[in-house]
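Just follow the structure's listing: the first ligand is 1, and inside any ligand the first atom is 1. Any value given below was found using the heavy atoms of this structure, including those in side chains, with hydrogens, waters and symmetry copies removed.
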Amino acid sequence: MKNVGVIGGGAAGLMAAYAAARNGHKVTVFEKNEKLGKKIYITGKGRCNFTNDCSLDEFFSNVVRGEKFLKGALYAFSPQDCMAFFEEFGLSIKTERGNRVFPASDHASDVTKILEKACRSYGVVIKLNENVKHFRSTMPDIIPTSDIVDSCTTNVILVKTDLSEYCFDCIIVATGGISYPSTGSTGDGYAMAKTIGHTITDLKCGLCGVNTTDIPLDNLQGLALKNVRLTAKYNQKLVFSDFGELLFTHFGLSGPIVLSASSKINRFPFENVTFELDLKPALDEQTLDKRILRDFDKYKNKQLGNALIELFPQKLIPFVLSKAKIDFKKNVNVLTKEERIRLVKTIKSLPIKISGLRGFNEAIITSGGIETSEINPKTMESKKLPGVKFCGEVLDVDAFTGGFNMQIAFATGFVAGNTID
Ligand SMILES: Cc1cc2nc3c(=O)[nH]c(=O)nc-3n(C[C@H](O)[C@H](O)[C@H](O)COP(=O)(O)OP(=O)(O)OC[C@H]3O[C@@H](n4cnc5c(N)ncnc54)[C@H](O)[C@@H]3O)c2cc1C
């Protein structure tokens with residue numbers, strides 16, 4: 001039996017604690033907040049989309065960074081294993097559009113309750129309001145025994161919190177990233193990892209809104225477009241393309257396809273990134289042109305701004321026409337063929353200038369983190385210091401929305417806890 005310390009009582013840390021305790025180890029979780037899983041409460045808009053009931057191939061197609069590293073963990077603890085775990089501990093679950101799995105109650109708090117129940121059923125000690133400051137490796141015989149709570153015999157890791165000092169045979173760092181820092185994820189694990197020689201890759205916002213410079217936001221704010229295609233290019237090279245829902249906001253763009261795009265463009269200089277919207281992805285240029293000709297015939301004596309009302313929401317028309325450089329007030333019957341073709345091309349590929357991402361206060365995930373080549377993917381153990389493991393968002397791994405990020409936290413946490421000898 002090993003004495004195991006887990007730093008962070010979020011998704012990854014609690015799963016790691018459960019997996020280690022289930023194998024007979026003595027486990028203590030340190031959580032600096034007054035309650036466990038503060039971030040879990042706000043996931044999935046308070047409903048917690050905790051995994052995705054898909055095949056592993058599909059899962060990996062939704063991973064943005066760390067796909068190869070994550071393979072072992074996802075095979076060891078698949079989305080279906082995750083669902084079985086929650087059901088075994090009494091959670092009723094349901095699967096929605098896109099295989100997204102939620103608690104049937106629609107309460108994210110139930111996910112945290114189950115994790116806590118699983119931990120407590122194997123005797124995990126949970127220390128709330130206790131902030132881990134740092135840890136270091138030392139020989140057991142030089143630890144001043146008066147300062148420590150438990151005694152260890154081998155591979156001793158000395159953990160210092162704001163309240164006390166502890167020694168462990170093994171520690172699991174599950175401190176999360178730096179997005180939504182108000183939930184407790186303030187990047188502490190990066191500093192801890194650096195002290196033992198780990199590399200932290202550049203930290204970028206993932207799954208967040210995008211600031212734009214050329215959208216008349218006063219007019220468009222609040223407008224949601226369903227079934228549009230967003231394409232992102234860096235220096236004219238395609239880096240992202242997806243179909244779905246987009247939202248105009250007070251800062252620019254948000255909505256599912258924009259969040260996904262943000263995770264693919266966050267490492268490029270924004271001045272060289274372009275967004276293009278295909279507002280009518282179901283129609284090719286020729287079909288769209290025919291459709292527009294039909295509408296123009298119907299509204300031939302109207303101004304152009306009033307002739308496109310069957311094609312677009314009213315609010316969007318001035319924006320599309322200004323991008324096509326056509327006067328909104330021009331009469332349909334004097335529009336040239338050249339102008340009409342320009343309109344068709346703009347509808348199929350409307351350019352939007354972006355100026356940056358929203359920032360970590362609003363990002364759903366941190367992209368970047370502990371360099372995964374420095375971690376053993378089969379055990380989550382540091383290659384720099386034996387006895388220290390890392391799991392969850394603190395690692396340089398991230399994925400699109402759909403329950404994939406929580407599943408990554410659970411799978412890496414499970415492997416970290418389950419592979420302590
Ligand atoms: C608004 C929002 C919605 C989201 N929705 C979803 C969703 O529906 N589905 C999905 O898959 N993903 C979602 N995510 C992402 C998901 O929440 C994270 O990927 C996941 O929680 C990461 O788990 P983690 O355990 O690695 O880190 P965290 O959940 O961040 O947990 C880390 C814990 O460590 C504690 N801690 C940090 N430092 C210390 C320290 N020094 N001492 C003690 N404790 C410490 C923190 O207080 C925190 O409780 C969402 C994220 C946000 C912000």
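In this structure, Lys133 has no heavy atom closer than 4.0 Å to ligand 1. In this structure, Thr183 counts as a contact residue of ligand 1, since one of its heavy atoms falls inside 4.0 Å of the ligand.
Of the N or O atoms in Thr186, none lie within a sub-3.5 Å distance of an N or O in ligand 1. Considering backbone and side-chain atoms together, Val132 places an N or O closer than 3.5 Å to an N or O of ligand 1. The shortest N or O to N or O distance between Ile365 and ligand 1 is not under 3.5 Å.
Ion pairing between a basic and an acidic side chain is recognised when a charged N comes within 4.0 Å of a carboxylate O; Asp421 and Lys2 show no such pairing.
In terms of the ring-ring contact (aromatic ring centres under 6.0 Å, His included) criterion, Tyr75 has no residue partners (sequence neighbours excluded). By the side-chain contact (heavy atoms from CB on, under 4.5 Å) test, Asn52 is found to be paired with Cys54, Asn99, Arg100, Phe404, residues two or more places apart in sequence or in another chain being considered.
Considering all non-hydrogen atoms of both residues, Thr366 and Asp398 come closest at O-CB, 4.2 Å. Counting all heavy atoms, side chain and backbone alike, Arg342 lies closest to Ala324 at NE-O, 2.9 Å. Scanning both residues, Met406 and Asn49, for their nearest heavy atoms gives CG-O, 4.0 Å.
The residue among Ser179, Gly176, Gly9 with a heavy atom at the shortest distance from atom 27 (O) of ligand 1 is Gly176. Within the set Gly44, Cys208, Gly392, the minimum heavy-atom distance to atom 5 (N) of ligand 1 is found for Gly44. Closest heavy-atom approach to atom 20 (C) of ligand 1 within the set Lys127, Glu393, Arg47, Lys38: this belongs to Glu393. With atom 50 (C) of ligand 1 as the reference point, the heavy atom nearest to it among Thr401, Ile408, Ile364 is part of Ile364. Taking all heavy atoms of Val397, Leu395, Asp188, Asp162 into account, the minimum distance to atom 41 (N) of ligand 1 is reached by Asp188. Considering only non-hydrogen atoms, atom 21 (O) of ligand 1 lies nearest to Lys39 out of Met15, Glu34, Lys39, Arg100.
Atom 48 (C) of ligand 1 has Glu31 OE1, 3.5 Å as its closest protein atom, hydrogens excluded (heavy atom only). Protein heavy atom nearest atom 43 (C) of ligand 1, with residue, atom name and distance: Lys32 N, 3.3 Å. Of the protein's heavy atoms, Gly184 O, 3.3 Å lies nearest to atom 37 (C) of ligand 1. Summary of contacts: the protein heavy atom closest to atom 11 (O) of ligand 1 is Met406 N, 2.7 Å. With hydrogens left out, the protein atom closest to atom 31 (O) of ligand 1 is Gly10 CA, 3.5 Å, a heavy atom. When hydrogens are left out, the protein atom nearest atom 9 (N) of ligand 1 is Asn49 O, 2.9 Å; that is the closest non-hydrogen contact. Annotation: atom 13 (C) of ligand 1 to nearest protein heavy atom, Thr43 CG2, 3.9 Å. Taking atom 30 (O) of ligand 1 as the reference point, the nearest protein heavy-atom neighbour is Ser185 OG, 2.7 Å.
Between the side chains of Asp110 and Ser105, a donor-acceptor pair is found at a separation under 3.5 Å. A donor-acceptor pair shorter than 3.5 Å can be found between the side chains of Thr201 and Asp396. When only modelled atom types and interatomic distance are considered, Thr161 and Lys127 share no side-chain donor-acceptor pair under 3.5 Å. In the model, Ser367 has a side-chain atom that pairs as donor or acceptor with a side-chain atom of Arg267 under 3.5 Å.
Contacts with ligand 1 closer than 4.0 Å are made by side-chain heavy atoms of Met192 only, the backbone lying farther away. In Ala409, the part holding a heavy atom less than 4.0 Å from any atom of ligand 1 is the side chain. In Phe30, the part holding a heavy atom less than 4.0 Å from any atom of ligand 1 is the backbone. Only the backbone of Phe404 comes within 4.0 Å of ligand 1, counting heavy atoms alone; no side-chain atom from C-beta on gets that close.
Figure legend: cation-pi geometry between Lys71 and Phe60, with NZ or CZ positioned under 6.0 Å from the six-membered ring centre and within 45° of its axis.
The aromatic rings of Phe77 and Phe85 lie perpendicular to each other, with more than 60° between the two planes, well past the 30° mark.
Exactly one of Phe89, Phe410, Tyr18 qualifies for a side chain to side chain contact (heavy atoms under 4.5 Å, CB included) with Leu115. That residue is Phe410. Partner of Lys389 under the side-chain hydrogen bond (donor to acceptor under 3.5 Å, both in side chains) criterion, chosen from Thr412, Thr379, Thr419: Thr419.
Listed by number with element, the atoms of ligand 1 under 4.0 Å from a non-hydrogen atom of Asn33 are 47 (O). Within the listing of ligand 1, atoms 32 (C), 33 (C), 34 (O) sit less than 4.0 angstrom from a heavy atom of Ala174.
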side-chain hydrogen bond (donor to acceptor under 3.5 Å, both in side chains) between Thr186 and Lys32, intermediate numbers included: CA-CA 11 Å; Thr186 49; Lys32 66 178 170 187; 2.6 Å; yes

